[in-house]
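Start at 1 and go down the list; that is how both ligands and their atoms are numbered. Position 1 is the first residue of the sequence; numbering continues from there.
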Amino acid sequence: MSISVVILAAGQGTRMKSTTPKVLHEISGKPMLFHAIDAAQKISNDITVVLYHQAQRIQAEIEKEYKNIHFHMQDAEKYPGTGGAMKGVNVKHTKALILNGDMPLITMDALNALIQGGADINMSVIKLDDPSGYGRVVILDSKVHEIVEEKDCIPAQKEIQTVNAGIYCVKKELLDKYIPLLNNENAQKEYYLTDIIKMAVEEDKIVHPVMVEEEEFKGVNSKLDLAHAEEIMQRRIKTALMKSGVTMRLPETIYIDSRATFEGECIVESGVSIQGATHIKSSHIKTNSVIEDSYIENSDIGPMGRIRPQSQIINTHIGNFVEVKKSTLRGVKAGHLTYLGDATIEEGTNIGAGVITCNYDGKSKYQTHIGKNVFVGSDTQLVAPVTIPDEVMIGAGTTVTKDAQQGDLVLSRSAQKSIKNFFYKFFEKA
Ligand code: UD1
Ligand code: MG
């Protein structure tokens, strides 16, 4: 942990065309900046995030999720650019890894390669057929000489295909020395962090280029980039899960949040969406089901089941068109067309088709408790708050408004009556 991390996230991100700050746009359920913070936390206990545009909003979001992150406000009016972002940043350790907040696809392998070795600066480079938009890495006598931003390139430099991927590991003493010396004498009138390379080379410091994978260093600048990064992240998440033993049918149609976890033998069918910090253990999730921030164990869900946040589904069968919200079901069968919200339901209980917990009176939410071995007939409405103890039968079509006693049959139907031959009279058929 003898390394500091600085994450640059002060840029405006105008190309996102959004009121949400660029780095808070989500990829696989997490703001893209959090992907960078999560990677940083694996290697460092000294993480600084540099902010400027919508700084308060971004800082507040980070503080909700993480402790011990330092913040640095860039003076972007006076010192714009990536070098300006580093002005005044104080790192604790002898080396600092500088990351970008809009590179969510970076992997631990790449970061580990960048923090290793004894060079004064390790810098990430990629070779590209089309280098446009990137800073070109000028190499002389097989040594890095400088980085020239595209807008400052002379025509010959524009042809260079070795580009700066934008992430560096720099010794603290070099940062402390070179950052105050940066100037903005360039096409963009910005303070370029990349100018420290030339300064280091001039003082015979060791600048080591580390070849990296283009995919990992893709910056997300537009909604198109966002969708593309999402595809890559999803492919990685599902590949890892399948390798760990999860069966997936048509995985390209499945969405799985980066915070979701699996245990035991699980099957996930096509079109399923697993959102939030859901944990699934030894269960079968059938076609087109949606599960959000819930715990599923030894159960089968769907097809077309919907499990909303804070539900616990254990040893349970959930069939089609069943919606469950903030409820705990253990050993339950709810096969068809049901809404179970703010409920606890115990072992051996059968929920008939069309059963609804009426959990909301227009002002507040109320609880429904159903005990063991209860038979809830089809089309029953349970008007909460209501408690049904163990071993009760509720007749089909009942509106339950009062608590029942163990052993009861509960019925609220009006008596059925028949009028002989009414049909024939009404339609005037003989
Ligand atoms: C930068 C590099 C370029 C490299 C490219 C790789 C410089 C001068 N150039 O260019 O050589 O090829 O990355 O993607 O560094 N940021 C701030 N404050 C600012 C400006 C930017 O915090 O004033 C942050 C951004 O939020 C972003 C990161 O720095 O996370 C990179 O900024 P960006 O504008 O994308 O840099 P490029 O111009 O693409
Ligand atoms: Mg820029």
> Which value, rounded to the nearest 0.5 Å, describes the distance between K286 atom NZ and N320 atom CG?
Replying inline: 9.5 Å
>> Surrounding NZ of K198 (heavy atoms of other residues, nucleotides or ligands, distance under 6.0 Å), is the total greater than 12?
In response: no
> Does ligand 1 have a heavy atom under 4.0 Å from the side chain of Q74, from its backbone, from both, or from neither?
Replying inline: side chain
>> Could you tell me, atom by atom, which parts of ligand 1 come under 4.0 Å of a heavy atom of N100?
In response: 28 (C), 30 (O), 31 (C)
> If you measure from CD on E230 to CD on E26, what distance do you get to the nearest 0.5 Å?
Replying inline: 9.0 Å
> Quick one: does ligand 1 sit under 4.0 Å from the side chain of E190, the backbone, both or neither, non-hydrogen atoms only?
Replying inline: neither
>> If you take the nearest heavy atom of each of T82, D75, V125, which one is closest to atom 32 (O) of ligand 1?
In response: T82
> In terms of ring plane angle, is the pair F34 and Y66 parallel, tilted or perpendicular, where the classes change at 30° and 60°?
Replying inline: perpendicular
> Do E149 and ligand 1 have an N or O pair less than 3.5 Å apart?
Replying inline: yes
> Taking the non-hydrogen atoms of G101, is any one of them nearer than 4.0 angstrom to ligand 1?
Replying inline: yes
> Has K22 got any heavy atom lying under 4.0 angstrom from an atom of ligand 1?
Replying inline: no
> Hey, does T194 sit under 4.0 Å from ligand 1 if you only count heavy atoms?
Replying inline: yes
>> Between K365 and D342, does any side-chain N to carboxylate O distance fall below 4.0 Å?
In response: no
> Is ligand 1 under 4.0 Å from a heavy atom in the side chain of A165, in the backbone, in both, or in neither?
Replying inline: backbone
>> Under 4.0 Å, heavy-atom basis, I'd like to know which part of A85 is in contact with ligand 1: side chain, backbone, both or neither.
In response: side chain
>> If you measure every N or O of G166 against every N or O of ligand 1, does any of those distances drop under 3.5 Å?
In response: no
>> Is there a polar contact, in the sense of an N or O pair closer than 3.5 Å, between N164 and ligand 1?
In response: yes
> Is the closest heavy-atom distance from G81 to ligand 1 below 4.0 Å?
Replying inline: yes
> Heavy atom under 4.0 Å from ligand 1: found in L8's side chain, backbone, both, or neither?
Replying inline: both
> Minimum heavy-atom separation for D379 to Q381, with atom names?
Replying inline: O-NE2, 3.2 Å
>> Any nitrogen or oxygen of A10 lying under 3.5 Å from a nitrogen or oxygen in ligand 1? Just yes or no.
In response: yes
> Is ligand 1 less than 4.0 angstrom away from at least one heavy atom of D102?
Replying inline: yes
> Which atoms from ligand 1 have a heavy atom of M103 less than 4.0 Å away?
Replying inline: 14 (O)
> Which residue pairs pass the side-chain hydrogen bond (donor to acceptor under 3.5 Å, both in side chains) test with at least one member in residues 200-213, sequence neighbours excluded?
Replying inline: K177-E203, Y178-E203
>> Check this for me: does any side-chain nitrogen of one of K218 and E214 sit under 4.0 Å from a carboxylate oxygen of the other?
In response: yes
>> I'd like to know whether D225 forms a salt bridge (charged side-chain N to carboxylate O under 4.0 Å, His left out) with R15, so could you lay out the CA-CA distance, the side-chain angles of the two residues, the decisive distance to 0.1 Å, and finally the verdict.
In response: CA-CA 10 Å; D225 291 343; R15 278 177 287 163; 5.5 Å; no
>> Quick check on G219 - does any of its heavy atoms sit under 4.0 Å from an atom of ligand 1?
In response: no
>> Regarding E190 and K151, does a basic nitrogen lie under 4.0 Å from an acidic carboxylate oxygen?
In response: no
> Is E150 salt-bridged to K158, cutoff N-O under 4.0 Å?
Replying inline: no
>> Would G135 count as being in polar contact with ligand 1, using the rule that some N or O on each side must be under 3.5 angstrom apart?
In response: yes
> Which of the atoms of ligand 1 are close to A9, meaning less than 4.0 Å from one of its heavy atoms?
Replying inline: 22 (O), 26 (O)
> Would you say G11 and ligand 1 have an N/O pair spaced under 3.5 Å apart?
Replying inline: yes
>> Taking the basic N atoms (NZ, or NE/NH1/NH2) and the acidic carboxylate oxygens, is any pair closer than 4.0 Å for D257 and R259?
In response: yes
>> I'd like to know if E263 pairs up with K281 as an ion pair, taking the criterion as any Lys NZ or Arg NE/NH1/NH2 lying under 4.0 Å from an Asp or Glu carboxylate oxygen.
In response: yes
